[in-house]
Structure formats: C-alpha cells, structure tokens
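To keep things clear, I will list the structure first and then write my remarks on it.
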Amino acid sequence: MSTKYIFVTGGVTSSLGKGIISASLAKLLQASGYSVTIQKLDPYINIDPGTLNPYEHGECYVTEDGAETDLDLGHYERFLDKPTSQANNVTTGRIYQAVISKERRGDYLGKTVQVIPHITDEIKRRIKLLGNTRKFDFVITEIGGTVGDIESLPYIESVRQLKWELGKNILVIHLTLVPYLSAPGELKTKPTQHSVKLLLENGVQPDILVLRTEKPLTKEIRKKVANFCNVDINSVIESIDVSTIYEVPLLMQKEKLDTTVLEKFGLQAKEEAKLTSWKNFVNKVKNPKQKIEVALIGKYVELSDAYKSINESFIHAGTANDCKVIVTAIPAEEITDENASVILSKYKGILVAPGFGHRGIEGKISAIQYARENNIPFLGICLGMQCAVIEFARNVLGLKDAHSKEMNRKTPHPVIDIMEDQKSISDKGGTMRLGSYPCKVKKGTKAFEAYQKTNINERHRHRYEFNNSYLKDFEKAGMIATGVNPDSELVEIVEIPNHKWFIGVQFHPEYKSTVITPHPIFVEFIKAAINR
Ligand code: GLN
C-alpha cells in the first residue's frame with residue numbers, strides 16, 4: 001500500500017490538543033493493524049526547542065537519536081510505544097537553514113530563492129521523508145500553531161500543494177473549538193465556520209472536523225457544521241473534555257474517527273482495534289486503589305508542561321502499582337535546611353528535577369539532605385542526580401565547598417565537572433551529550449532490581465558529569481556508582497545502598513516511559529514510596 005498522509009491543523013485557538021488527537025488517531029490505526037508515525041511541524045524560527053526556556057515552550061523532549069524536540073513527540077511515543085526521531089520534528093528554522101545552505105552551495109544558481117516554491121518544496125520533502133522510508137502505512141503530520149497565523153502560511157500552502165500531488169493518499173483533519181456560552185445556554189459554531197473559511201481561503205478543504213467542546217454536540221449542531229463547512233455529517237467528530245488524555249483514543253473510537261479515516265482512504269481495519277490493555281490502563285487511572293503524594297522539586301514548577309514527561313511517567317508508574325500518584329510541584333528556591341522538614345515531611349517520595357543554571361540549587365540540596373537523612377525514597381534526575389552527589393560530598397565527605405563546575409567554576413572540589421568533549425564547545429544549540437547511550441548496571445543493586453538486566457540504554461541531555469577522580473571516596477563513604485557507561489566510564493547511576501531507596505540517574509528515564517511500558521525506575525520509586 002502506498003503511504004497515506006494525514007494532516008492535523010488547528011483553528012480558533014491554541015491548546016485544543018492537536019497533539020493528543022494526532023496521537024489518539026495514530027493509536028487507533030496502530031491497533032487496527034497498521035504501522036503509523038507522527039510528525040510535528042513547528043512554525044517558529046528556532047532550529048529546535050533545545051534553546052528555548054521551558055517557560056516559553058514547556059519541556060524539551062529528547063529522542064533516541066538525540067534530537068531536542070517538541071513535547072508533543074513525548075505524547076506520540078507514550079501513546080504508540082514506538083520511538084520517534086529527528087525526522088519527526090521540523091521547525092521553520094530548520095527549513096530555512098536547509099534552503100539557505102543550499103543557496104550558499106549554489107544549488108539554485110541564477111534563481112531567486114522564494115517561499116514558494118523553495119521553502120514549500122523543503123517542507124514537502126521533510127513531510128515525505130518519513131513516508132519514503134517505507135516503514136509506515138500512515139504518516140500523521142501535526143501542524144503547530146493556528147490557521148491564520150502568518151508563520152503557519154507556508155505549511156498550509158504545502159498541504160494545498162500535496163493535496164494535488166498525492167490525490168487520494170492525503171487527508172486533512174481540522175481541529176476547532178465549539179464554545180459554550182452560558183447566558184443563552186448554547187454551543188456556538190461560528191468560530192468553527194470562520195476557521196474553516198480561513199483554511200478555504202488558503203485553498204485547503206478539510207475532510208474531517210474534530211470539534212473540541214465541553215458539552216455533548218447535538219445532531220443539529222453536527223448538521224449545521226457539516227452544512228456550512230462542506231463535510232458529511234459522519235466527518236464531524238466530537239472531542240469532549242475528559243479527565244485524562246489517555247481516554248481520548250477511546251472517545252475517538254466511539255466517535256468513529258478511525259473508521260471514517262480508513263473509509264476515506266478506501267481501507268478497512270486489518271484487525272479489530274480492541275485496545276484491551278489500553279482500556280485496562282485507563283480504568284486503573286480513573287479508579288485507583290490508593291493514593292500517595294510525592295514532591296517534585298524543580299525550577300519551573302508554576303508550569304506543568306515544563307516537566308510533562310515526568311508527570312506522565314508518574315501516571316504510568318502509579319497504575320503499575322495500582323495507585324494514583326499525586327505530584328506536588330515545589331519551587332526549589334523555597335526550601336532551606338531550616339524548613340525542609342516542615343515542607344517535605346508529608347510526602348512519601350521526593351524527586352529532584354533536571355535543570356540548568358544556579359537558581360534553586362541550594363534548595364534542591366537541602367531537600368536531598370532531608371531525603372537522605374530521613375530514609376525517604378528519592379529519585380534525582382540529571383541535575384537532580386548531580387545535586388545528590390554535591391550534597392553527599394558536602395555533608396558526608398565533609399568537602400564543604402563541593403559543587404558542580406556549572407555553578408561555581410572555581411570550586412576547590414568539582415565533584416561534578418564538565419565532560420571532556422564539551423570543553424571546546426561554545427555553540428549552545430544541539431551541542432550537549434544528547435540521545436541514547438548504553439549503560440552497564442551492577443548486579444545486586446536497586447537499579448538492577450528495577451531493570452532486571454545489566455545492559456540498558458537511556459537518553460541523555462547534559463554537559464556536566466560525575467567527576468571520576470572522587471569515585472573511590474564516594475564509594476568508601478556509602479554512595480556507589482551502580483550504572484556506568486561501558487565505553488567512557490561515565491557514571492550514569494548512583495545509589496546509597498543503606499538507604500531505603502535512593503537513586504540518582506544522569507539520564508532521563510522519563511523520556512522512555514509509555515502507557516504499555518512504564519519506566520522501571522519510576523515503577524520501583526513509587527513501589528518504595530508506597531512501602532514507606
Ligand atoms: N545542567 C546539567 C548539565 O548540563 C544538568 C542537565 C539536565 O538536568 N538536563 O549537565
């Protein structure tokens with residue numbers, strides 16, 4: 001079968017959940033026996049979100065191949081249980097960078113380089129790249145932003161051109177909002193009509209409309225939308241607000257989004273989309289047997305999207321333990337040695353988040369000291385692990401001014417130092433140690449108990465690292481390296497064996513936790529927290 005391309009555009013407002021709709025449709029097609037991948041096109045000019053502050057754009061998600069990408073790719077992987085790659089996230093910056101370097105090379109000699117056709121050609125090339133691998137029956141492409149945005153225009157124009165080129169192998173789904181006005185007590189379709197008009201002005205007729213709503217859509221509303229927007233009534237799909245994003249595939253199945261899509265391509269499900277384990281999971285999310293509270297200590301806590309994958313990993317690990325994990329985000333800066341016990345004593349587990357820069361470091365260290373001294377299950381991720389090392393150096397090894405070179409270049413005890421191959425790098429974008437690296441886990445450790453194997457691979461995003469010249473001292477005093485990179489000897493996991501459950505990981509387990517495969521480190525962390 002030739003690859004089918006599905007585009008998901010958004011209208012009326014941002015944050016309608018295009019990523020979740022794309023991932024849900026992909027899940028249903030996958031459960032129907034097809035291979036599917038999802039791609040995100042982001043209209044901003046940064047080459048990737050790696051250089052963006054999480055306040056601007058939420059979490060930066062890292063793929064196996066080390067691409068720093070949009071957080072929607074995290075949803076794609078969590079839903080499909082399949083890895084994505086650099087090809088799954090393209091920004092306007094990357095498109096222009098490619099076109100401009102071709103221009104410098106002389107590929108367009110004599111020609112004026114223009115948005116149409118040069119930029120749109122590059123966009124189309126990136127879209128077809130995934131299809132050309134012949135690995136996927138369906139490529140779902142989510143277009144970031146909202147129809148009508150100036151910066152989205154070249155993408156919509158590319159979709160228009162592809163509709164001509166690919167004929168029956170392409171389909172456009174437009175996601176809009178049907179607001180409910182409480183005074184007249186009515187759902188309003190006008191914004192949807194307007195946003196479809198905008199798409200039409202750009203030459204694109206959507207094939208399916210997904211309407212986000214807080215109240216059920218009546219038959220009349222569906223008819224009205226169908227009539228005004230040139231789609232048949234079966235192609236008007238309701239997407240009603242739900243308590244968990246993981247319910248959306250089930251709702252989309254009820255609304256027959258998958259069968260409508262397959263019908264439009266003249267296809268049938270290869271197998272019945274039963275979604276048994278998915279339903280089981282959703283059921284556990286909605287009906288937990290118990291609840292536990294854990295603290296997430298970080299720097300961007302006002303913003304839930306900054307730690308998206310961590311929060312989702314807790315949901316996965318919670319259901320694996322038949323429990324709901326209530327995560328309280330606590331700003332690191334608020335914690336001190338004096339108030340740590342007051343703030344933290346009610347939590348069954350403490351997680352210190354990844355991050356960059358000095359802000360909140362001392363609060364993280366106070367929280368870790370509290371967790372270590374009071375036998376509270378602790379998980380430190382990346383910077384969180386580095387802070388655990390600093391805390392141990394200062395308070396157990398007695399190296400009072402121990403620090404990371406990232407925070408204090410002149411520290412006499414750089415227990416966290418810059419990695420050798422990072423020393424010569426000055427560019428900020430895409431230059432960290434990124435993506436998947438192997439790690440050897442020592443037997444008879446808590447890490448081994450979690451993974452149940454010695455050879456693992458985990459994803460990284462950092463410049464600094466445990467300083468191996470201190471390793472002997474640490475191990476003598478009771479913090480040991482239980483996971484090490486087999487090639488570079490970099491320390492990837494540290495633990496304190498005589499603590500109930502204390503693990504620091506230099507990598508990011510949260511990027512690899514999915515609904516079907518919750519991450520073992522999170523699962524064991526929650527198990528330890530429950531048993532506390
Ligand atoms: N800032 C630290 C480093 O660069 C940790 C990075 C992280 O937490 N992702 O090594």
Side-chain angles (χ1 to χ4, degrees), residues 48-55 57-64 66-69 71 74 296-301 303 305-311 313 329 332 350-365 367-368 378-391 393 402-409 411 414-437 439 458-468 470 481 483 485 488 490-494 503-513 519 521:
D48 60 45
T51 52
L52 281 168
N53 186 318
Y55 280 120
H57 202 68
E59 167 188 279
C60 171
Y61 185 78
V62 178
T63 58
E64 290 283 297
E68 297 181 284
T69 72
L71 58 80
L296 187 166
I297 296 161
K299 183 169 157 184
Y300 305 104
V301 293
L303 196 95
D305 274 359
Y307 302 115
K308 193 89 208 164
S309 293
I310 292 177
N311 283 314
S313 300
I350 294 175
L351 185 147
V352 174
F356 296 84
H358 194 272
R359 183 163 70 85
I361 287 290
E362 295 305 321
K364 288 180 178 176
I365 291 171
I368 293 166
F378 166 80
L379 175 58
I381 298 180
C382 207
L383 181 62
M385 172 267 204
Q386 297 175 354
C387 287
V389 169
I390 298 166
E391 190 280 323
H403 221 317
S404 162
K405 275 243 178 107
E406 180 183 4
M407 320 302 162
N408 177 3
R409 296 227 158 268
T411 170
V415 288
I416 302 293
D417 203 351
I418 187 147
M419 281 180 281
E420 204 43 50
D421 45 12
Q422 286 287 327
K423 285 184 180 158
S424 57
I425 293 173
S426 59
D427 275 10
K428 288 275 182 282
T431 56
M432 279 184 256
R433 178 174 182 241
L434 289 165
S436 186
Y437 285 90
C439 171
E458 291 285 1
R459 299 184 199 170
H460 297 71
R461 183 174 189 246
H462 62 123
R463 290 186 209 283
Y464 295 82
E465 178 63 51
F466 185 93
N467 183 343
N468 267 327
Y470 289 90
N485 180 293
S488 59
L490 293 178
V491 172
E492 311 283 35
I493 311 176
V494 295
I503 290 189
V505 288
Q506 182 57 77
F507 48 78
H508 293 260
E510 71 275 22
Y511 293 145
K512 279 179 78 167
S513 186
H519 197 287
I521 289 282

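Side chains are part of it too, since the values below use all heavy atoms of this structure and drop only hydrogens, waters and symmetry mates. Both counts, for ligands and for their atoms, begin at 1 and track the order of listing.
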Under a 4.0 Å threshold between the charged nitrogen and the carboxylate oxygen, would Arg463 count as salt-bridged to Glu406? no
So, Ser436 and Glu458: side-chain donor and acceptor under 3.5 Å apart, yes or no? no
May I ask you to check whether Gln386 and Gln506 show a side-chain donor-acceptor distance below 3.5 Å? yes
Protein residues near ligand 1, heavy-atom distance below 4.0 Å? Pro354, Gly355, Phe356, Cys382, Leu383, Gln386, Glu406, Arg461, His462, Arg463, Tyr464, His508
Out of the candidates Ile493, Ile381, Val62, only one should pair with Phe507 under the side-chain contact (heavy atoms from CB on, under 4.5 Å) rule; please name it. Ile493
What closest approach, in Å, do Ile418 and Lys405 show between heavy atoms, and which atom pair accounts for it? N-CB, 4.4 Å
Do Thr63 and Arg459 meet the criterion of a side-chain donor-acceptor pair at a distance under 3.5 Å? no
